[in-house]
Amino acid sequence: MNRGAVGFFDSGLGGLCILDAFKRECPSESTVYIADSANCPYGNRSAEEIVALSDANVKRLLEAGCKMIVVACNTASAAALEFLRSKYSDVPFVGIEPAIKPAAMESKTGVVGVLATAGTFGGRLYNETKAKFAKNVTVIATVADEFVDLVERGETSGEEAERIVRRKIEPLIAASCDKIVLGCTHFPHLRSLIEKVAAGRAEIIEPSLAVALRAKSVLESRGLANAGGGEAKHVFISTKRGDSR
Ligand code: DGL
């Protein structure tokens with residue numbers, strides 16, 4: 001079992017930022033990544049649809065022999081994590097949610113911006129964390145579906161991308177946000193543009209490394225880490241027609 005791969009899935013390419021962090025932290029682990037780009041975006045789908053799509057991704061990862069699954073998508077974690085944990089009760093799952101806790105704790109202005117999808121903002125995970133850890137700050141929630149499109153198109157730089165990023169970030173800065181949480185795994189791919197626009201006026205917070213470290217600690221605590229060495233293999237699967245590798 002320890003030589004099995006760690007499975008990852010996202011609605012598309014977003015979760016690759018978590019995969020990259022994981023590969024740096026756990027270089028001897030093999031991975032299988034599913035980019036469900038044929039069904040992207042997940043952000044505005046119903047919870048039932050996201051559960052069904054997540055279930056299909058998990059089945060495929062388990063058929064590929066995965067020993068643990070990282071739901072590398074905030075929207076899928078919000079809608080489907082509970083369902084997946086109860087359906088596949090012997091499989092460890094690691095999910096992701098917007099890093100609102102550190103943002104709220106470290107904010108000096110008392111105003112925090114969160115960028116995510118409608119699905120994430122509507123989910124219990126986000127709302128419970130917000131109620132628990134962000135009681136004393138003002139949270140400005142902004143849906144930024146346009147960022148998902150940019151990343152899926154591979155357009156992470158250039159004038160048009162900068163204009164779209166500016167339109168979402170400037171209002172947050174104008175509202176005194178000094179922390180901006182990237183609550184969708186597609187958004188770190190636009191990090192250099194977001195930082196250029198925020199230009200020292202707000203700190204960008206995103207949890208890829210924290211999720212990778214959590215995955216590492218779950219592997220270790222469950223005795224699933226690949227201690228035996230051997231070369232790690234990495235498989236990337238895209239559900240987009242003509243794009244499977
Ligand atoms: N990458 C996904 C997330 O973290 C969402 C993108 C989408 O709308 O499909 O929420």
Side-chain angles (χ1 to χ4, degrees), residues 7-22 31 33-58 61 69-84 93-101 103 113-130 139 141-156 161 164-165 168 180-191 193-194 204-212 214-215 236-240 243:
F8 293 75
F9 77 88
D10 179 40
S11 62
L13 305 175
L16 289 174
C17 58
I18 296 177
L19 178 72
D20 288 347
F22 179 80
T31 65
Y33 181 97
I34 296 181
D36 192 11
S37 298
N39 296 301
C40 189
Y42 281 9
N44 286 315
R45 291 179 183 274
S46 69
E48 291 71 28
E49 274 181 293
I50 299 168
V51 166
L53 292 168
S54 300
D55 193 20
N57 293 329
V58 167
L61 290 170
I69 289 171
V70 178
V71 182
C73 175
N74 292 264
T75 312
S77 297
L81 196 55
E82 257 178 34
F83 167 88
L84 296 171
F93 283 92
V94 172
I96 181 168
E97 64 179 300
I100 194 166
K101 180 181 171 187
V114 183
L115 297 165
T117 66
T120 297
F121 286 132
R124 218 174 75 190
L125 214 53
Y126 169 78
N127 287 294
E128 281 180 1
T129 305
K130 183 178 153 206
V139 177
T142 301
V143 173
D145 293 337
E146 301 89 330
F147 290 10
V148 177
D149 296 339
L150 284 175
V151 172
E152 288 296 308
R153 289 205 303 267
E155 205 181 319
T156 54
I164 291 169
V165 166
K168 294 289 175 182
I180 296 177
V181 177
L182 306 186
C184 168
T185 53
H186 278 74
F187 302 169
H189 297 273
L190 291 163
R191 186 171 185 143
L193 265 190
I194 295 170
I204 309 306
I205 297 182
E206 67 93 8
S208 298
L209 177 61
V211 175
R214 170 84 191 129
F236 174 87
I237 298 165
S238 170
T239 59
K240 206 164 178 174
D243 197 22

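The residues of the chain are indexed from 1 along the displayed sequence. First listed ligand is number 1; within each ligand, the first listed atom is number 1.
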- Check: S11 and T75 side chains under 4.5 Å, non-hydrogen atoms: no
- Message: Out of A35, C184, A79, who is nearest to atom 5 (C) of ligand 1 when you count heavy atoms only?
- Response: C184
- Message: Out of all atoms in ligand 1, which are within 4.0 Å of some heavy atom of T117? Include the element for each.
- Response: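 Matching atoms, with element in brackets: 5 (C), 8 (O).
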- Item | Where ligand 1 meets Y42 - atom numbers and elements under 4.0 angstrom, heavy-atom basis | 7 (C), 8 (O), 9 (O)
- Item | Approximate separation, where rounding is to 0.5 Å, of C40 SG and R45 CZ |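 With rounding to 0.5 Å, SG (C40) is 8.5 Å from CZ (R45).
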- CD1 on I204 to CD1 on I194, rounded to 0.5 Å: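 That separation rounds to 6.0 Å.
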- Kindly confirm or rule out an N or O of G43 lying under 3.5 angstrom from an N or O of ligand 1.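 G43 vs ligand 1: N/O contact under 3.5 Å present.
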- With only distance considered, is D10 within less than 3.5 Å of ligand 1 through an N or O on each side? yes
When you measure from [atom] to every protein heavy atom, which one gives the shortest distance, and what is it?
atom	result
atom 1 (N) of ligand 1	H186 ND1, 2.8 Å
atom 6 (C) of ligand 1	S11 OG, 3.4 Å
atom 2 (C) of ligand 1	C73 SG, 3.3 Å
atom 10 (O) of ligand 1	T75 OG1, 2.6 Å

- Task: Say whether S77 and E97, considering side chains only, have a donor N or O and an acceptor N or O under 3.5 Å apart.
- Result: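 Result is no, nothing qualifies.
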- Query: So, does Y42 use its side chain to make a donor-acceptor pair with the main chain of G119 at under 3.5 Å?
  - Reply: no
- Task: Check each of L115, V114, T142, I205 against I180 using the side-chain contact (heavy atoms from CB on, under 4.5 Å) test, and report the only one that passes.
- Result: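 Only one of L115, V114, T142, I205 forms a side-chain contact (heavy atoms from CB on, under 4.5 Å) with I180, namely L115.
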- May I ask whether P41 has any heavy atom positioned less than 4.0 angstrom from an atom of ligand 1? yes
- Query: According to the interplanar angle, ranging from 0 to 90°, do the rings of Y126 and F121 count as parallel (below 30°), tilted (30 to 60°) or perpendicular (above 60°)?
  - Reply: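 Because their plane-to-plane angle is over 60°, the rings of Y126 and F121 count as perpendicular.
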